Amino acid sequence: MFFDLSTFDTKSISMKFFIDTANLSHIQEAADLGILDGVTTNPSLMAKEGVKGKDNILKHYEAICQIVDGDVSAEVLSTDMDSMIAEGKELAAIHTNIVVKVPMIKDGVKAIKWFSDNGIRTNCTLVFSAGQAILAAKAGAAYVSPFIGRIDDSSWDGIELIGQIAHIYSVQGFSTEILAASIRNPLHIVRSAEAGAHVCTCPLDSILGLLKHPLTDIGLAKFLEDAKKM
Ligand code: E4P
């Protein structure tokens with residue numbers, strides 16, 4: 001499927017690559033590729049790395065910021081506005097590249113508006129509809145994260161949602177960047193780029209999967225064999 005990009009200023013899009021993990025080795029490996037623009041984490045990814053306790057969580061974000069010179073999303077764990085604001089301020093104080101990740105709930109929208117009014121950038125997470133993406137943009141989120149893999153899992157079309165949000169933001173002139181999240185494979189990355197995502201956050205495997213093509217391997221083997229005859 002190709003998207004009608006006639007309403008887009010396509011020159012302004014150059015899709016950024018974020019890695020979706022809290023694993024420091026994976027982050028370093030992606031950074032070493034030279035194509036890494038940032039990192040997203042979430043409580044599940046932090047727990048997977050065994051990061052426990054407030055001090056260790058803050059230190060872990062600090063360690064990520066030392067590896068990558070780009071935006072690092074750090075998620076709040078509270079669900080009421082005042083606590084989200086208190087938590088977000090603490091996270092934002094870790095490093096200038098920290099983006100406070102806030103869930104798409106009523107208090108989350110209020111908190112995003114507060115952060116935006118007070119110069120703290122946010123990533124609105126757990127977005128599954130165009131309506132939610134409009135609210136996030138209106139509240140002033142720097143990024144909106146539609147979870148395309150989880151949408152596909154429920155037999156809806158995650159990429160179609162990226163295209164719909166891209167169209168709405170372009171028509172309405174919203175500056176919120178679309179961060180395609182919940183990426184499950186390299187094709188999700190290609191199709192997110194095609195649909196107008198500004199950022200794709202991916203596990204390391206999906207990024208490395210972009211490298212793969214059997215004809216590249218066959219072609220290189222042949223070139224190296226023929227090179228011996230030179
Ligand atoms: C990113 O910001 C999200 O937290 C993440 O992509 C969710 O991915 P999952 O659906 O694979 O858990």
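Just follow the structure's listing: the first ligand is 1, and inside any ligand the first atom is 1. Values in this document were obtained by computation on a predicted structure and should not be read as measured data.
- A single hydrophobic cluster is seen to contain both Val109 and Phe115, as judged by linkage of ILVMFWY side chains at heavy-atom distances under 4.5 Å, directly or through other members.
- At a heavy-atom cutoff of 4.0 Å, ligand 1 is surrounded by Asp20, Thr40, Asn42, Lys101, Phe147, Arg150, Ala181, Ser182, Arg184.
- For the side chain to side chain contact (heavy atoms under 4.5 Å, CB included) test with Asp20, the passing option among Ile183, Leu179, Thr201 is Thr201; the others fail.
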Evaluate Asp153 against Arg184 for salt bridge (charged side-chain N to carboxylate O under 4.0 Å, His left out), listing each step before the verdict.
CA-CA 10 Å; Asp153 290 344; Arg184 299 280 156 80; 2.6 Å; yes
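- Looking only at distances, a side-chain donor or acceptor of His60 sits under 3.5 Å from a matching main-chain atom of Ala22.
- With Ser145 as the partner, the side chain to side chain contact (heavy atoms under 4.5 Å, CB included) test is satisfied by one option alone out of Ile178, Asn123, Leu126: Asn123.
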The test is side chain to side chain donor-acceptor pair (under 3.5 Å); show your working for Glu49 and Asn23 and say whether it passes.
CA-CA 6 Å; Glu49 299 310 314; Asn23 182 293; 3.2 Å; yes
